[in-house]
Amino acid sequence: MKKTAKLKKNSFMQGAFIATFGIIISKILGMLYVIPFYSIIGDKGGALYGYAYNIYSIFLGISSAGIPLAISKIISEYNELGYYKAKNRAFVLGRKVLSLVGVVCFIFLFLFAEVFAKIIIKDVTGGNTIEDVTFVIRMISTAILVVPTLSIYRGYLQGHKFITPTSVSQVLEQLVRVTIIVAGSFLSLKVLNLDLTTTVGIAVFSATVGALVSYFYLFVKTKKNKEVIDKEILKVEEPKISDKVILKKIFYYAFPFIMIDIFKSLYNSIDVVMLVSVLVKGLGYTATDAEAIMSVISTWGLKINMIVISIATGIMISLIPNISAAFIKNDMEEVSKKINKSLQMLLYLVVPMTVGLSILAKPVWSIFYGTSTYGPSVYSFYVFVALFTTLFTCSMTTLQMMKEYKQLFKALICGFLTNCILNIPLLYAFHKMGLPAYFGSTLATILGYGVCSFMSLSFINKKYKVNYEDTIKKVMGILFATLVMAFTLLVLKLFVPFTLTGRLINILYVSLYAAVGASVYFVITIKNNLMYDIYEANILLKIKNKFIRR
């Protein structure tokens with residue numbers, strides 16, 4: 001009889017690599033599925049999908065965001081101290097509380113789905129109806145019954161340094177979800193000839209099925225490896241720790257992450273609630289055109305932006321333990337160095353990528369989604385949201401590591417209010433200037449993230465004397481190299497314009513422009529030593545010297 005492979009703990013470096021690899025695979029799957037999915041459901045279906053997901057993500061944030069990290073931290077603490085009974089009670093309590101919260105959130109979202117649909121659609125006609133939106137919200141609400149419990153299992157295993165199964169579960173969840181989205185929507189609309197609303201309902205229900213498969217995978221792994229997980233390493237007299245203390249710990253660790261996740265979702269929800277209504281009733285767009293624009297912001301453009309945002313995710317994985325360790329030691333010089341280095345690394349990669357994607361919006365959009373009336377135009381400016389999202393993520397993560405929760409919430413609220421207050425005025429302002437009105441909505445989002453990031457970094461500068469002088473100098477160098485790159489691409493566009501259509505020819509366009517743009521950018525930043533200053537690239541210098549000697 002074949003023995004089941006026992007779980008093995010991962011070292012810090014192994015864990016970081018496995019977690020990063022899992023994130024990358026999940027992001028790739030999350031980007032690639034949109035190509036066939038868009039061709040199946042189109043702009044109207046994309047808008048409907050976005051309506052459901054944006055409302056769902058708010059409730060998902062309430063029910064589970066930050067919980068894996070909180071449970072992981074508590075399990076890790078108690079395990080290191082040898083408090084094995086408290087550790088297991090934390091797991092059981094977390095599971096019970098999150099299951100209850102999940103059920104409450106599901107019932108609320110299911111029952112009030114029509115209310116949310118009315119808030120989104122209002123009295124706009126000619127596009128998706130209130131009944132359509134109500135149906136897809138109810139379909140996706142079922143995922144909230146599963147995801148909170150799934151997050152507890154992930155946190156439990158991560159707290160024991162079993163990173164591999166949690167990463168596998170993420171990839172498995174995404175794989176199941178993507179398969180159902182693509183195969184299910186194709187069978188529904190193209191084979192069974194069901195309506196678009198039912199098709200999108202099947203697509204959003206994939207979140208529930210993916211979470212269920214991932215949950216059962218972790219449940220089986222945990223059950224089969226109970227002896228390994230519960231193995232007592234330290235023999236200590238365990239103090240009595242009440243359930244109340246454990247629950248307070250879970251809430252204390254998770255609350256900041258929950259708030260950040262909710263506010264991120266609210267940023268997108270502002271556009272969902274305001275944009276279509278203003279474009280149709282105030283600015284004369286048809287419901288079809290308004291929903292096509294909405295689908296870029298809520299669904300399709302967001303997927304391409306993940307290319308940029310995933311870089312920030314990778315940098316944050318490295319940033320969190322480094323800043324946290326330096327801060328605990330009260331080594332503020334090291335904290336300042338790490339914060340500046342993270343900002344520099346982030347901007348060095350993200351700024352040229354954002355500008356490049358903006359210039360290449362038309363062929364990039366065509367590669368993912370084919371021809372579109374509004375897609376390339378909306379995305380050419382919307383891509384800059386990705387840049388400011390990465391700055392937001394970096395600044396918020398830094399405040400969390402420093403446990404400056406009061407300032408974190410203040411910055412979140414101010415950024416959110418900026419977005420809310422400016423959204424409609426900027427829509428009308430851009431329209432009056434003869435520019436696309438929807439640029440106003442995107443600018444409001446950018447300013448919201450910008451205000452939040454600026455407040456956070458300013459606070460860190462004032463309280464902890466973190467000096468950004470070196471980063472500002474390097475940003476000037478990054479901007480100069482990016483401007484030269486952009487100018488080169490615009491000149492290239494005169495000789496090789498985006499005139500031909502077709503996915504293959506657009507891949508060639510993007511490959512050519514990316515090669516030229518990257519070459520110009522890297523040559524400039526290597527010549528002025530900017531790359532080496534930011535990355536302290538001793539390895540790159542060694543490789544360079546090796547090639548020169550050859």
Side-chain angles (χ1 to χ4, degrees), residues 42-51 54 117-130 133 265-305 354-355 357-362 364-366 369 371-389 414-452 486 490 498:
D43 289 328
K44 186 180 179 182
L48 186 57
Y49 184 87
Y51 292 150
N54 276 287
K118 287 177 179 176
I119 292 169
I120 293 167
I121 297 297
K122 298 181 177 67
D123 55 355
V124 174
T125 57
N128 289 297
T129 65
I130 289 170
V133 179
S265 300
L266 286 172
Y267 270 85
N268 290 329
S269 296
I270 291 169
D271 292 329
V272 169
V273 171
M274 295 181 179
L275 187 60
V276 173
S277 177
V278 174
L279 288 178
V280 174
K281 293 165 66 179
L283 300 174
Y285 284 73
T286 65
T288 302
D289 288 345
E291 288 202 326
I293 293 163
M294 181 70 252
S295 71
V296 177
I297 292 170
S298 66
T299 307
W300 310 122
L302 202 60
K303 296 297 181 184
I304 306 176
N305 275 0
T354 303
V355 173
L357 280 169
S358 180
I359 293 169
L360 296 171
K362 187 176 180 181
V364 167
W365 190 269
S366 179
Y369 309 118
T371 56
S372 169
T373 305
Y374 289 103
S377 173
V378 179
Y379 186 68
S380 65
F381 190 40
Y382 182 72
V383 66
F384 288 94
V385 171
L387 168 60
F388 284 86
T389 301
C414 288
F416 175 69
L417 289 175
T418 300
N419 192 359
C420 279
I421 293 165
L422 294 180
N423 205 291
I424 293 175
L426 285 175
L427 280 167
Y428 282 100
F430 271 80
H431 182 70
K432 283 186 178 180
M433 289 188 289
L435 296 169
Y438 42 79
F439 282 1
S441 184
T442 298
L443 182 58
T445 303
I446 288 171
L447 291 172
Y449 280 129
V451 165
C452 193
L490 292 172
F498 308 137

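The structure displayed is predicted, hence computed values, not measured ones.
- Within a 6.0 Å sphere centred on NZ of Lys303, heavy atoms belonging to other residues, nucleotides or ligands number more than 12.
- The ring-ring contact (aromatic ring centres under 6.0 Å, His included) test applied to Tyr285 returns no partner, not counting sequence neighbours.
- Ring orientation note: the planes of Tyr438 and Tyr374 are nearly perpendicular, at an angle over 60° on the 30°/60° scale.
- Atom OH of Tyr449 is separated from atom OG1 of Thr418 by 13.0 Å, given to the nearest 0.5 angstrom.
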Worked verdict on Thr442 versus Phe384 for side chain to side chain contact (heavy atoms under 4.5 Å, CB included): CA-CA 9 Å; Thr442 298; Phe384 288 94; over 6 Å; no

Residue pair Tyr382, Asn305: steps toward the side chain to side chain contact (heavy atoms under 4.5 Å, CB included) verdict: CA-CA 9 Å; Tyr382 182 72; Asn305 275 0; 3.3 Å; yes

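- Rounded to the nearest 0.5 angstrom, Ile359 CD1 and Leu490 CG are separated by 4.5 Å.
- Scanning both residues, Ala437 and Leu279, for their nearest heavy atoms gives CB-CD2, 4.1 Å.
- Scored by the side chain to side chain contact (heavy atoms under 4.5 Å, CB included) test, Ile270 finds Met274, Phe416, Asn419, Cys420, Asn423 as partners (sequence neighbours excluded).
- Among residues two or more places apart in sequence or in another chain, the ring-ring contact (aromatic ring centres under 6.0 Å, His included) test is passed with Phe439 by Phe381.
- Heavy atoms only, all atoms of each residue included: Leu422 and Ala444 are closest at C-CB, 4.1 Å.
- Residues in residues 274-288 take part in these salt bridge (Lys or Arg N to Asp or Glu O under 4.0 Å) pairs, two or more places apart or across chains: Asp123-Lys281.
- Considering only residues two or more places apart in sequence or on other chains, Thr286 meets the side chain to side chain contact (heavy atoms under 4.5 Å, CB included) condition with Thr288, Asp289.
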Cut-off 3.5 Å, no hydrogens considered: what does the side-chain donor-acceptor table look like for residues 291-302, sequence neighbours left out?
residue, atom, partner, partner atom, Å
Glu291, OE1, Asn128, N, 3.1
Glu291, OE1, Asn128, ND2, 2.9
Glu291, OE2, Tyr51, OH, 2.9
Glu291, OE2, Asn128, N, 3.4
Glu291, OE2, Asn128, ND2, 3.3
Ser295, OG, Ala292, O, 2.7
Ser298, OG, Met294, O, 3.0
Thr299, OG1, Gly46, O, 2.9
Thr299, OG1, Gly50, N, 3.4

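- Screening Ser380, Pro376, Ser377 for a side-chain contact (heavy atoms from CB on, under 4.5 Å) with Lys362, the sole residue that qualifies is Pro376.
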